[in-house]
K.L.:
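Before I ask anything, here is the structure I am working with.
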Amino acid sequence: MEIVLPDGSIKEVGQTACVADVAASIGAGLAKAALAGVVNGIPVDLTYEVKQGDTVAILTNRSAEALDLLRHSAAHIMASALEDLYPGVEFGVGPAIENGFYYDIKLDKNIGIEDLEKIEARMAEIVDAGLPFTRQVLTRAEALDFFASKGQTLKCELIEELPEGETITAYGTGSFTDLCRGPHLGDTSKLAAFKLTKLAGAYWKGDSERPMLQRIYGTAFFNKKDLEEYLHNLAEAEKRDHRKLGRELDLYMMDPVAGVGLPLYLPKGARVIRTMQEWLRRDLYARGYEEVITPHIYNADVWKTSGHYDFYHENMYFFQINEGDDEQPRFSEYAVKPMNCPGHVLLYKNDIHSYRDLPLRYFEFGTVYRHEMSGVVHGLLRARGFTQDDAHVFCRRDQVVDEVVAILDLVDHIMSTFGFDYTAEISTRPEKSIGTDDMWEYATQSLIDACARHKLEHEINEGDGAFYGPKIDIKVKDAIGRTWQCSTVQVDFNFPERFDLTYRTDENTEARPWMLHRAIFGSIERFLGILIEHYAGALPLWLAPVQVAVLPLADRHADACKELVERIVAVGGRVELFDQNEPMRVKIAKAQSKKIPYMLVLGDKEIETQSVSVRERHEGDLGCWEVQKFLGVIAAAKL
């Protein structure tokens, strides 16, 4: 029979050929490297039998899907090891995820970090045994009987939830069999490099009303070099953890008394935040934006008009306000804002606008509050209260491309300032959406055209746009290769319609303006968390909360140091005097631990020659400088 290869060519194979046979018919090298296949777009095992006319691709370790396949198989091998080591263990789900895999288990004994080495050792034995992954198709009754007999109640629940007619498959290695749709590697020996990395708790199906399971995380690669590089980066990420550095550098704190996910900024952290805002504010004014300030709470009617009352209610904080008095109470419902958009829309609606007024660009550093589940709150990266560098552009249809290009120019300015490489992703119309076909086509093409004009390469994320319009997401790569989603440019067909926004055209008729949402930092808190990890806490000179530490050599040099501090402040520097009665090496170590860019040592010689002994946090001793030269460096450290 004939099958079709990815390049469109036709290949003749035997009447009962499987994917492995197809690989062998192409070449011995491919047969040896083959891990699985993709038949008619669906991933399958090497043993899958192909049919006349099927389109067949062979997966090797160079394929984009290969790591997921490897890691899914690693999760299965880990589960097999767990069943051997902990009789009675129940299994939930064990998927491949970004950077690895996990398995959720139910077990009377708590697995500890010290147990991971034992589990890894048993996994290694299973890998060395080279056990084949065998697939079998079961009826619903057969699957329920089998997994019930093994005491796997969680698996039985998953089986019962499968739709009628769904093919139910199980995979076995040795004595272990797991409910799984597959595919898997040919045999366990293909798992060359793996490591179990951490433990966590996870509610069954993410439901806090269901049992808490134990989650074991791991990762896997095709060779030990890639694994070692990943583990190195993982260790580096732990050292860079913004929660740890945020405490050590006195930037921010969290207090359970204040509430989960509500950061409190210490003076140094507040200075960093304000420096970022002031820098961006100056730039936005120069780019034709106008700053606005809107309330933190609104009457519930605003959220009913916007649609958030019905579709976002569980993520918001609602409360009652007595608009009357004690004798005649009259309660109205209010909500804390989860976003700034309605305020900007109300400001636009406050006046009559002509086509000549557009584009109108409002921006705000607006603090919003969202009810995130406590389990997903993560320092500054996922908080319940955070500030967005929010802006909304109201423009004519013919201005959309120009406005998006201008926003991408701003994105490039900001990301290049911080040394981030970045990529773009355009998300298109989902199945459920509002707006006409023409609006969606025009908006999506406008985003594509804007990226082209900006020479910004992009990927298309089909069907992942919001229901109210397509968007561009900007993803930045940090110093250790991690990707973060930051900036967003979003077209919105919803708000102009819901709030009945209009402008007068050049023909003196009314038309709907187009509305663009955009945030460059996104959440300022989250962006700061990313910066802390990107720079390992050593923020650039212009942004560092303390730029200079002045260190007197002895008590008699204190007055000269105070005078130097005043001179640094006079040129706009941020400085701290280390005048404690401690040895110089201790002072330098303290300044170094606080990631302060410059340390200035003053003794008799420096005072006599009007100089300073300069140390830089990365380069160490830079020698003696004239005071005026150093002041010039600090004065120039402004954006």
Side-chain angles (χ1 to χ4, degrees), residues 1-77 79-80 94-96 101 126-143 146 159 162-194 220-223:
M1 63 180 168
E2 295 181 339
I3 53 99
V4 183
L5 299 179
D7 63 0
S9 63
I10 304 299
K11 185 74 178 175
E12 286 191 7
V13 295
Q15 288 295 326
T16 58
C18 64
V19 172
D21 295 326
V22 174
S25 72
I26 297 172
L30 183 61
K32 184 178 180 180
L35 300 173
V38 177
V39 177
N40 302 326
I42 299 172
V44 297
D45 300 291
L46 289 173
T47 55
Y48 181 89
E49 292 193 3
V50 299
K51 300 179 181 62
Q52 170 67 30
D54 281 349
T55 299
V56 182
I58 306 299
L59 296 183
T60 70
N61 62 12
R62 295 184 178 182
S63 306
E65 306 93 335
L67 269 178
D68 278 352
L69 174 72
L70 179 78
R71 289 163 176 172
H72 184 47
S73 299
H76 178 104
I77 292 170
S80 178
F101 61 89
I126 296 170
V127 169
D128 290 342
L131 302 174
F133 282 90
T134 57
R135 179 180 184 267
Q136 60 183 126
V137 179
L138 305 172
T139 66
R140 184 181 296 270
E142 288 172 337
F146 176 78
I159 294 166
L162 291 173
E164 286 296 329
E166 180 89 359
T167 300
I168 300 174
T169 58
Y171 280 80
T173 49
S175 62
F176 175 69
T177 300
D178 198 8
L179 177 73
C180 179
R181 67 164 52 95
H184 279 296
L185 302 169
D187 65 72
T188 59
S189 68
K190 302 288 187 184
L191 182 59
F194 64 90
F221 291 88
F222 285 105
N223 59 71

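Here, residue 1 is the first one in the sequence, and each next residue gets the next number.
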K.L.:
Can you tell me how far the CG atom of L67 sits from the CG atom of N61, to the nearest 0.5 Å?
P.N.:
9.0 Å
K.L.:
Can you name the side chain to side chain contact (heavy atoms under 4.5 Å, CB included) partners of F176, sequence neighbours left out?
P.N.:
H76, A79, S80, E83, F91, T173, D178
K.L.:
If I compare all heavy atoms of A74 with all of F101, which pair ends up nearest, and what's the gap?
P.N.:
CB-CE2, 3.5 Å
K.L.:
Sort and list the pairs that fulfil side chain to side chain donor-acceptor pair (under 3.5 Å) and have at least one residue in residues 63-72, not counting sequence neighbours.
P.N.:
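Sorted result for residues 63-72: empty, none.
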K.L.:
Show, in sequence, the C-alpha distance, side-chain angles and deciding distance for F194 and I77, and conclude whether the side chain to side chain contact (heavy atoms under 4.5 Å, CB included) test is met.
P.N.:
CA-CA 11 Å; F194 64 90; I77 292 170; over 6 Å; no
K.L.:
Using every non-hydrogen atom in the two residues, find where A57 and P6 come nearest and quote the distance to one decimal.
P.N.:
CB-CG, 3.7 Å
K.L.:
Please output the side-chain donor-acceptor pairs of residues 24-33 that fall under 3.5 Å, not counting sequence neighbours, one pair per line with the distance.
P.N.:
from, atom 1, to, atom 2, distance (Å)
S25, OG, V22, O, 2.6

K.L.:
Can you check whether G165's main-chain N or O pairs, donor with acceptor, with R140's side chain at less than 3.5 Å?
P.N.:
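The answer is no, because no donor-acceptor pair under 3.5 Å joins these two groups.
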K.L.:
Only distances under 3.5 Å count here; give the side-chain donor-acceptor pairs of residues 183-190 to other protein atoms, sequence neighbours excluded, each with its distance to 0.1 Å.
P.N.:
from, atom 1, to, atom 2, distance (Å)
H184, ND1, S73, OG, 3.0
D187, OD1, S189, N, 2.8
D187, OD1, S189, OG, 2.3
T188, OG1, I126, O, 2.8
T188, OG1, G130, N, 3.4
T188, OG1, L131, N, 2.8

K.L.:
V44 and A36: which non-hydrogen atoms are nearest, and at how many Å?
P.N.:
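Where V44 meets A36 most closely, the heavy atoms are O-CB, 3.3 Å.
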K.L.:
Suppose the criterion is salt bridge (Lys or Arg N to Asp or Glu O under 4.0 Å): which pairs have a residue in residues 33-44, not counting sequence neighbours?
P.N.:
none
K.L.:
Under the criterion side chain to side chain contact (heavy atoms under 4.5 Å, CB included), I'd like the reasoning laid out for V13 against D21: C-alpha separation, chi angles, the key distance, then a yes or no.
P.N.:
CA-CA 8 Å; V13 295; D21 295 326; 6.0 Å; no
K.L.:
Given I58 and V19, is the side chain to side chain contact (heavy atoms under 4.5 Å, CB included) satisfied, shown in steps?
P.N.:
CA-CA 8 Å; I58 306 299; V19 172; 3.7 Å; yes
K.L.:
Distance check, rounded to the nearest 0.5 Å: L138 atom CG versus L179 atom CG?
P.N.:
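Here the rounded value is 8.5 Å.
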K.L.:
Check whether any side-chain N or O of Q52 sits under 3.5 Å from a backbone N or O of E2 as a donor-acceptor pair, and report yes or no.
P.N.:
yes
K.L.:
How many angstroms lie between atom CZ of F221 and atom CG of L70, to the nearest 0.5 angstrom?
P.N.:
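Between atom CZ of F221 and atom CG of L70 there are 9.0 Å.
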K.L.:
Can you name the side chain to side chain contact (heavy atoms under 4.5 Å, CB included) partners of Q15, sequence neighbours left out?
P.N.:
M1
K.L.:
Grab the two heavy atoms, one from V4 and one from G53, that are nearest each other, plus how far apart they are.
P.N.:
CG2-O, 4.1 Å
K.L.:
Does D45 have any side chain to side chain donor-acceptor pair (under 3.5 Å) partners at least two apart in sequence or in another chain, and if so, which?
P.N.:
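With sequence neighbours excluded, D45 shows a side chain to side chain donor-acceptor pair (under 3.5 Å) to Y171, given in chain and number order.
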K.L.:
In sequence, state the C-alpha distance, the side-chain angles, and the governing distance for L59 and V38, and then conclude on side chain to side chain contact (heavy atoms under 4.5 Å, CB included).
P.N.:
CA-CA 7 Å; L59 296 183; V38 177; 3.8 Å; yes
K.L.:
How long is the span from the NZ atom in K11 to the CD1 atom in I3, to the nearest 0.5 Å?
P.N.:
8.0 Å
K.L.:
How long is the gap from CZ on R181 to CD1 on I168, to the nearest 0.5 Å?
P.N.:
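The distance works out to 11.0 Å.
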K.L.:
Does anything in residues 32-69 form a ring-ring contact (aromatic ring centres under 6.0 Å, His included)? List the pairs, not counting sequence neighbours.
P.N.:
none
K.L.:
N40: what forms a side chain to side chain donor-acceptor pair (under 3.5 Å) with it, not counting sequence neighbours?
P.N.:
D54
K.L.:
Applying side chain to side chain contact (heavy atoms under 4.5 Å, CB included), name anything that partners T16, two or more places apart in sequence or on another chain.
P.N.:
none
K.L.:
Going by the rule side chain to side chain contact (heavy atoms under 4.5 Å, CB included), which residues pair with D7 if we only count those two or more places apart in sequence or in a different chain?
P.N.:
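Here the qualifying residues are L5, S9.
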K.L.:
Only counting residues at least two apart or in another chain, list the ones meeting side chain to side chain donor-acceptor pair (under 3.5 Å) with T139.
P.N.:
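T139 satisfies side chain to side chain donor-acceptor pair (under 3.5 Å) with E142 once adjacent residues are dropped.
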